[in-house]
2 protein chains.
Amino acid sequence: MDYIQLSRAPLFKGISAEEIGIILSDVPYRIRKFMAGTLISQSGESVNSLMVVISGVVKGEMVDYAGRVIKIEDIPAPGALASAFMFGNRNRFPVNVIAVSEGELLLIDKQDFLRLLMKNGVILVNFLDMISNRSQFLSEKIKFLNFKTIKGKLAQFILQKAGKELSSVSFDITQNDLADFFGVARPSVARALGEMEHEGYLEAKGKNIRIIDKEGLARLTRD
Amino acid sequence: MDYIQLSRAPLFKGISAEEIGIILSDVPYRIRKFMAGTLISQSGESVNSLMVVISGVVKGEMVDYAGRVIKIEDIPAPGALASAFMFGNRNRFPVNVIAVSEGELLLIDKQDFLRLLMKNGVILVNFLDMISNRSQFLSEKIKFLNFKTIKGKLAQFILQKAGKELSSVSFDITQNDLADFFGVARPSVARALGEMEHEGYLEAKGKNIRIIDKEGLARLTRD
DNA sequence: CCTGATTTGTAACATATGTTACATTTTTGT
DNA sequence: ACAAAAATGTAACATATGTTACAAATCAGG
């Protein structure tokens, strides 16, 4: 089995391939091989084991009420599957999980995994980090979705990037990705930026922003 | 100390007041009394201990770039503070935490808390449940924020509540709360519902909805 | 350095939602 | 059962954003 690949997984961060071998010799686990196209788990099914993709790629698919596929998220090795849904009140898969390529999964039953967490502090911290990171990412995203105007979102984004000292910022993502993150249309982002420039809040030149009126931007975040 | 109150805390769910006493005799902890108005933690400060409100009420306040207070969230006893921010990459308070009334906090240092988690399986599961529930709640919220139209959000909400079998649904929250959850204005929710009725998707009578065209609703969730 | 691909800026127009205001209905407390 | 409060249904109007399309600018690979 590919312990090297596993040692790159967030769950096993800071643990060498050899150590992983030792750890796994002490906890019941299963390996499940899958072929491209296999349905690995179904939406609504309860999540009763930890699942780590050892090799290959799987994807999550939401299925709507008419049976049509809506959204897709890829999880390549060595990612973990549905780790935020192993615990909590609604511990069921939120999506169908389907193999994109052939590959292998590491499965550890929930009870065995709990024992592992209690035995190995590094894995415990790694797991806590994983689900906490997810929460933190989602919180951040909601913060932006909650601003009602695009200018508000942009102002928040720019001020946050600039921090207290800096007076210029350089976007490291495209307008397209930014628009996706905000949940708005791309030309609307461009327009909002343009307007903010005309209104004297900033000077925009491609991805580089010079902040002119920090106070004013702060006001915009209050929609 | 008020172990009875603590036994109602999600972290100590399923553990009796006496057992809590025993557990706490074995792990270093501190009690911090606070008076109304005290600043308990500051936004940006790193979260290096577990904090449980034993008595009293605290609130979280976001502070904007001009120093003005924006949003508030109350955490009454026996809630935990910033539990989703103890771990993960950005383990800092996202808000200022301020005492609303006088009260007491239970503090356990992160390292000691980790030892406790490894020693006590019930607390471990409770904590995992707490942070997972948060993730799940946030995911759910984002799902709704991602629908571009209010009709889409409503359709999703109704179908989800109805499940596969039921053909009628009863809202258990007010339009106002629904509007907040969706991040839209209240009259817009009412209007969207009205339109969906005219368009023959459903029959709305106060909080009671009879689904007429399930297929059509499903189509709406595809915006 | 050149060329094709990606990203950005901008425009015209359509539309969903916000805002404000009020009447009506339902719920709550006594 | 009543009065007061809360929630709901609607309307008119303002506006932010979406949509589509295209040209200009920038980037990436050979």
Side-chain angles (χ1 to χ4, degrees), chain A residues 141-158 161 168-210 212 216-217 219-223, chain B residues 71 141-142 144-158 161 168-210 212 216-217 219-223:
Chain A
K141 177 141 190 171
I142 284 183
K143 183 161 94 191
F144 282 106
L145 292 174
N146 266 339
F147 284 105
K148 283 186 279 300
T149 68
I150 297 180
K151 286 185 195 175
K153 296 176 212 248
L154 273 170
Q156 172 70 25
F157 186 79
I158 291 169
K161 245 195 151 39
S168 71
V169 179
S170 169
F171 290 168
D172 44 10
I173 57 175
T174 66
Q175 280 186 8
N176 225 322
D177 293 341
L178 197 58
D180 282 350
F181 183 61
F182 288 169
V184 301
R186 202 274 310 167
S188 302
V189 170
R191 173 172 45 200
L193 250 184
E195 285 176 13
M196 286 164 83
E197 182 161 21
H198 286 136
E199 289 159 5
Y201 294 113
L202 47 80
E203 243 170 56
K205 202 160 140 269
K207 286 197 190 319
N208 295 101
I209 309 288
R210 243 174 41 78
I212 293 174
L217 285 180
R219 228 174 301 121
L220 285 182
T221 63
R222 257 163 272 141
D223 287 341
Chain B
K71 274 178 192 174
K141 175 137 192 176
I142 284 183
F144 281 105
L145 292 175
N146 266 339
F147 284 105
K148 283 185 281 300
T149 68
I150 297 181
K151 286 184 194 174
K153 296 175 211 248
L154 273 170
Q156 172 70 27
F157 186 80
I158 291 168
K161 244 195 151 39
S168 71
V169 178
S170 169
F171 289 169
D172 43 10
I173 58 175
T174 65
Q175 280 187 9
N176 226 320
D177 292 341
L178 198 58
D180 282 351
F181 183 59
F182 288 170
V184 302
R186 201 273 313 166
S188 303
V189 170
R191 173 172 46 201
L193 250 184
E195 285 177 12
M196 287 164 84
E197 183 162 21
H198 286 135
E199 288 158 7
Y201 294 114
L202 46 80
E203 243 170 55
K205 203 161 138 267
K207 287 196 188 318
N208 296 101
I209 308 288
R210 244 175 40 78
I212 293 174
L217 286 180
R219 229 174 300 121
L220 285 182
T221 65
R222 258 163 272 140
D223 288 339

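In what follows, every chain begins at residue 1, and chains take the letters A, B, ... in the order their sequences are listed. In this text the structure is predicted, and so the values were computed from the model without any measurement.
Taking atom CG on A:Asp177 and atom C1' on C:dT6, their separation rounds to 12 Å, with Å as the unit. We find that CD1 of B:Ile173 is positioned 17 Å from C1' of C:dT27, with the value rounded to whole Å. At whole-Å resolution of the value, CG in A:Asp172 and C1' in C:dT7 are 15 Å apart. Between B:Phe171 atom CZ and C:dT27 atom C1' the separation is 18 Å, expressed in whole Å. Atom CE of B:Met196 and atom C1' of D:dG9 are 16 Å apart (whole Å).
Rounded to the nearest 0.5 Å, atoms CG (B:Leu217) and CD1 (B:Ile209) are 9.5 Å apart. Rounding to the nearest 0.5 Å gives a distance of 9.5 Å between CG of A:Leu145 and NZ of B:Lys141.
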Should B:Leu220 and B:Met196 be marked as a side chain to side chain contact (heavy atoms under 4.5 Å, CB included) after you check the CA-CA gap, both sets of side-chain angles, and the distance that decides it? CA-CA 10 Å; B:Leu220 285 182; B:Met196 287 164 84; 3.8 Å; yes

Working note: A:Lys207 + A:Asp172, criterion salt bridge (charged side-chain N to carboxylate O under 4.0 Å, His left out); need CA distance, chi angles, decisive distance, verdict. CA-CA 7 Å; A:Lys207 286 197 190 319; A:Asp172 44 10; over 6 Å; no

Evaluate side chain to side chain contact (heavy atoms under 4.5 Å, CB included) for B:Phe157 paired with B:Lys153, printing each intermediate quantity in order. CA-CA 6 Å; B:Phe157 186 80; B:Lys153 296 175 211 248; over 6 Å; no

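Screening A:Thr221, A:Thr149, A:Leu178 for a side chain to side chain contact (heavy atoms under 4.5 Å, CB included) involving A:Leu154 leaves a single residue, A:Leu178.
Of the possible polar contacts, one joining the B:Glu197 side chain to the B:Ala204 backbone as a donor-acceptor pair under 3.5 Å is found.
Aromatic ring centroids of B:Phe147 and B:Phe182 lie 6.0 Å or more apart.
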Could you list all N or O pairs between the protein and nucleotides 16-19 of chain C that sit under 3.5 Å apart?
{"from": "C:dT17", "atom 1": "OP1", "to": "B:Lys148", "atom 2": "O", "distance (Å)": "3.4"}
{"from": "C:dT17", "atom 1": "OP1", "to": "B:Ile150", "atom 2": "N", "distance (Å)": "2.6"}
{"from": "C:dG18", "atom 1": "OP1", "to": "B:Ala185", "atom 2": "N", "distance (Å)": "3.2"}
{"from": "C:dG18", "atom 1": "OP2", "to": "B:Ala185", "atom 2": "N", "distance (Å)": "3.0"}
{"from": "C:dG18", "atom 1": "OP2", "to": "B:Ser188", "atom 2": "OG", "distance (Å)": "2.6"}
{"from": "C:dG18", "atom 1": "N7", "to": "B:Arg191", "atom 2": "NH2", "distance (Å)": "3.0"}
{"from": "C:dG18", "atom 1": "O6", "to": "B:Arg191", "atom 2": "NH1", "distance (Å)": "3.0"}

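B:Gln175 has a side-chain polar atom (N or O) that falls below the 4.0 Å cut-off from OP1 or OP2 of D:dG9.
Shown for residues 203-210 of chain B: residues whose heavy atoms fall under 4.0 angstrom of DNA chain D, namely B:Gly206, B:Lys207.
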